[in-house]
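Only heavy atoms go into these numbers, but all of them, side chains included; no hydrogens, no water, no symmetry mates. Within every chain, numbering begins at 1; the chains are lettered A, B, ... in the order of the sequence lines, protein sequences first and strands thereafter.
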Amino acid sequence: MDERDLVFYGTPIEREEELSSRKKKAVAEASGQLRTLPTWKQEVRDEEGRRRFHGAFTGGYSAGYYNTVGSKEGWAPQTFTSSRKNRAELKQQSILNFLDDDEKADLEGQSLATSTQFDTFGFTASEVARKQADKEPSAIPGPVPDELVLPAAESIGAKLLLKMGWRHGRSIKDSSTDSLYDARREARKAFIAFSSSDDTKSNIDGDANHVNDHSNSLERPVNDDNLSSQYTPLNALQPKQDLHGLGYDPYKHAPEFRGKAGPGFGIGALEEYDIEDEDVYTTAYDFEDTVVQEVEDSSKPITDHKHRLTWKEPGILPGFKVASISDYQVEKFNAPEVPKDFVPRHKFAGPLKVEDKTAVPPPPDVPPPEDSNMKVLIEGVATLVGRCGKLFEDLSREKNQSNPSFGFLMGGNGHEYYERKLWEAQQKYKDQKKLPLPSDGKSSQKTEKMNAENRGKILGERPLERSSSSLVSPDVNLQSNLSDTFMKPLQFSELPEVSKPFKDNSAKQERFQQFLKEKYKGGLRSGESGGASNMSEAVRAQERLDFELAAEALEKANRGQQSNLSAQQSMDFLTSAGMQFTSAGVEQSKDTLDKDFEMKKMYPKREENQWRPSPVLCKRFDLVDPYMGKLPPPPRMRGKIDSLVFKAEFIPVPRIGDKTGQNQNRSSGGLQSSAQGVRDGSADEEEDEVVVDVENVERPVDLYKAIFSDDSDEEAETSKVSKVEDPEKKVEVANATLNRLMAGDFLESLGKELGLEVPPDLPPYSHTNQNPSALEKETTGLNPRDGSSVKMKITEEDRKQGSPPPSEDRMDRRHSKRQRRYDSISDSYSSSSGDDSDRDRYSSKSKGRRKKGSSSRDKKSSSSRKHSRRRHHREDVSREYSSSRSSRRDKDRGESKREKRKRRD
Amino acid sequence: MSASDLPTKEANVLKGHEGAVLAARFNADGNYCLSCGKDRTIRLWNPHRGIHIKTYKSHGREVRDVHVTPDNSKLVSCGGDRQVFYWDVSTGRVIRKFRGHESEVNAVKFNEYASVAVSAGYDQSLRSWDCRSHSTEPIQIIDTFSDSVMSVCLTKTEIIAGSVDGTVRTFDIRVGREISDNLGQPVNCISLSNDGNCILASCLDSTLRLLDRTTGELLQEYKGHTCRSFKMDCCLTNTDAHVTGGSEDGYVYFWDLVDASVVSRFRAHASVVTSVSYHPKDSCMVTASVDGTIRVWKT
């Protein structure tokens, strides 16, 4: 009979060694399997090797301990052996046989934990409860509120405390000292009560206990303090805001998505809202906030009512109590005692000016008599009389009755002038007499009638210019007073004596002095300040401008020695300067006034740039590609220059050119600044010539193709270069070297460092000096006697200050000029890149050193070319270019170009 | 057209959006109107009868702008989910999603032939998308702006866009030139006049500015409303006689085009008026607001 025909019931009894060996084998097998296979591929098999469908309902990944029942050995059936010698004990099976260690520990209470009996505040109980809740899902989702699972039975500590007068929700610490005695008494009482109850029975019924509690608490007086440091379970710090299930982690199996989604992929459904995603519109509603507030208030825990009660106490914040001892005491100061003789009304030191004026109307200001002797006499007498009083006048009148020169006293010739002078003297004397210190007097006088002008003077503002020729109306303020009180804003008193800019013309110099005095010392304008009376209005205005200019220059020279120009030097240019200077003060006021207007004038600003629509876009818009047939922009981006490359060609309209010139100026500031440094009158001129040439040349379209693509062609071909494009290209290349200057410098230094030979005939240059003449200018600029350089500097400064430029169109022209220069530079740069590649090809035959040499040579030639370009005319440039370059390459290019044409045809 | 002909009477209220309505637009013939809003839907309405026709749902975030082709067959929409959606109107399905903007997309428009959609994004770029081919890559990216691009308009040959950097830039495809008009104030919304000669730009200094397109000259400024922090539309009336725009206080303003006087103002909504759209032929206007309603105004 075969084994397979038998049906087995139960576990066959196996022999010990057989069993152990098989077990060993199985274990070895299993471990081997485990070692080789990943967890999810491991299959659980029993001893017979049958597959056990283990853990199918829990996901099937792995179950138990290495897919066993919970121990490494697995669950082996126990053997029962009993013999006569050693009888098998009858084993009483208990639940402990079937429990794990930790379960046993739990069951037997062997784990170290506060027993519920001593769990005064329910920490352990709540902990246990939480664990319980975690283990078995309850009907209420989320962690079970601790309040719900607080132990029903009081611990011993709580019982004790309760008997001592403590109640739930209060702090144990008894803080108020006056209740100390009460507390002790209560404690004693409680102790007795506790011991008695302990005697009766150890297992107290909960109800009885509670009753006891109640009675105790009822006994207690309710005069308790309001300390309430409740045990409050830690609430969830992160409130749940999403709609996921509890504990659900959407990224659990895809942690790589936990971060933000990459740009350009839209937004995933799981992406969190940023701050910027917040609803901006909700701020429009004001009432929402208040509603929320109310809800929050009502949802506050009921325990708050204790606070609420305390709120009624005035001046105490909720949760705070009044300190019994306060360190802080309000220092009190008595109000200052008012002197008995104090009159709460201001008394002025002297009679008010107004009264003065009304009392003595000032005599009209009259011109002094022609006779200077007479004038001096009159003034002298007036001063004397003003100081000594009317008595002196009478005296002198009597004395000099017969003297005709004193006729003014009797109402004769010059009487009016005398009157006026006398009045002035009187006023002056009165002022001095009023207050002992003249300066004080002035200030008080000023404060009495502070007006805009006075304020301005105090603040050091310069008075506005009045039309010079207009006579000043006789004001109540005296000229002498005014001129004294005006601030001297600058140290112009120590005006260097050397600075006499108009010393060739003494009359003019005098007028200038007068002008200076008025400008800086202030005071009313004298009638003749505007210049000689015989001058025409225009000449006068011109002179005035000159004066302003000179004064400005003087001021500058005086103020800062940083500009090492002496005042004398700065004066020199004035004679030739036809520029307009306006006084700073006037301009500033205009500034503030017209700011709005300026804004309007400034905006909208229009700029134009080249923009290249993609061919597909043109197709979709059903338009002809404006750049069709032209090469796409070179793949290597060159920043701003890139957009300028084709400018000169594609925007031939002069109006546009000008404007783009301006704006690109602005945009390519970096390049510009280096160029600006070199700019100077003569250089401009030359640039102008060159640039204009560039502009006028018609550029054949194929040029670019020729430039960009010739390097792919053969070298050996020989042909002639077409004359049309040649000079133009030359200029470009010459310009390109400008661009390469920086790189050249670097290369040079590098070459030196590496010990390579640098051509000795390299002309010295720097970024700032482009031509020798400019260099000369620069050096002579330091020479204090050089006029023209000073002029240049001043104009520069002027421009920086933002005062109106010499002439609008000139500036404009310069801008556009510069712009065009850049166009051509960038153009030639692209063309020269072709050259470079050419050269590279040649030089690649010889390595290393040779290459370095070539680069420095290239730089040398470029710089020389550049200099020549500046110095000579365009023809020279082209000539030099052709001589410096190997004609072979040009031929190459021409040839390749022709080839291109052929191919296209 | 006199001031009395302005649409100041409420003809219909279109309710259905939950939350703010960010844009409301008439279609080409003015028979229908499209709206989109913070509830991530686009809704199609018949504003004259006050009927809600269809809802288009697919956007993951708020929808900021929507535009419909002249033949009413396709929609294009964009919004906070950084994508431009290309919809089929009748089926309500998304034909294509154009991804590429690195940030929220503020505005989108079809060109005349509905072959290209141009979108303007917070990522300081304009992107043009091909609706003819199956490519979902942008045809061209224009990133000369230096701040968020708020609004875009297309003509037959040009792309015009206004940006927070204060510029209104016109990209002329025919000439290959970019004209940038700097207004000095953040530009919120731009709108073309019906004759195509002027641009109306809504700036964040509570001013609408009318620019001459050929010269870049500032023709007129319209003030009185409040526009300081929200993207709010403005437009010209169908006759180009008046300028209209919303205000943050819920008012709608009408200015005379020439003398910039406020011809009419009335409270249209309870909250910020986000969008105004004028009927292409009749004196009719729809306004949308943060209060969740779209209102139709007629004379």
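In terms of heavy-atom pairs under 4.5 Å with chain A, the best-connected choice from Glu112(B), Arg169(B), Arg174(B) is Arg174(B).
For Leu623(A), the part lying near chain B is the side chain, with the backbone staying farther off; criterion is any non-hydrogen pair under 4.5 Å. Using a 4.5 Å cut-off between heavy atoms, Thr155(B) contacts chain A through its backbone alone, with no side-chain atom that close. For Glu248(B), no part lies under 4.5 angstrom from a heavy atom of chain A. Only the side chain of Ser128(B) comes within less than 4.5 Å of a heavy atom of chain A; its backbone N, CA, C and O stay farther away. Phe171(B) touches chain A through backbone and side chain together, each having a heavy atom under 4.5 Å away. If you measure heavy-atom distances from Asp123(B) to chain A, you find no contacts under 4.5 Å at all.
Using bins of under 30°, 30° to 60° and over 60° for the plane-to-plane angle, the ring pair His67(B)/Phe110(B) lands in the tilted bin.
Note: Asp212(B) CG to Cys198(B) SG = 5.5 Å, rounded to the nearest 0.5 Å. Separation of atoms CG (Asp130(B)) and CZ (Arg96(B)) is listed at 7.5 Å; rounding is to 0.5 Å.
Residues satisfying the ring-ring contact (aromatic ring centres under 6.0 Å, His included) criterion with His269(B), sequence neighbours excluded, are absent altogether.
If you run side-chain hydrogen bond (donor to acceptor under 3.5 Å, both in side chains) between Asp81(B) and each of His59(B), Arg40(B), Lys97(B), only His59(B) comes through.
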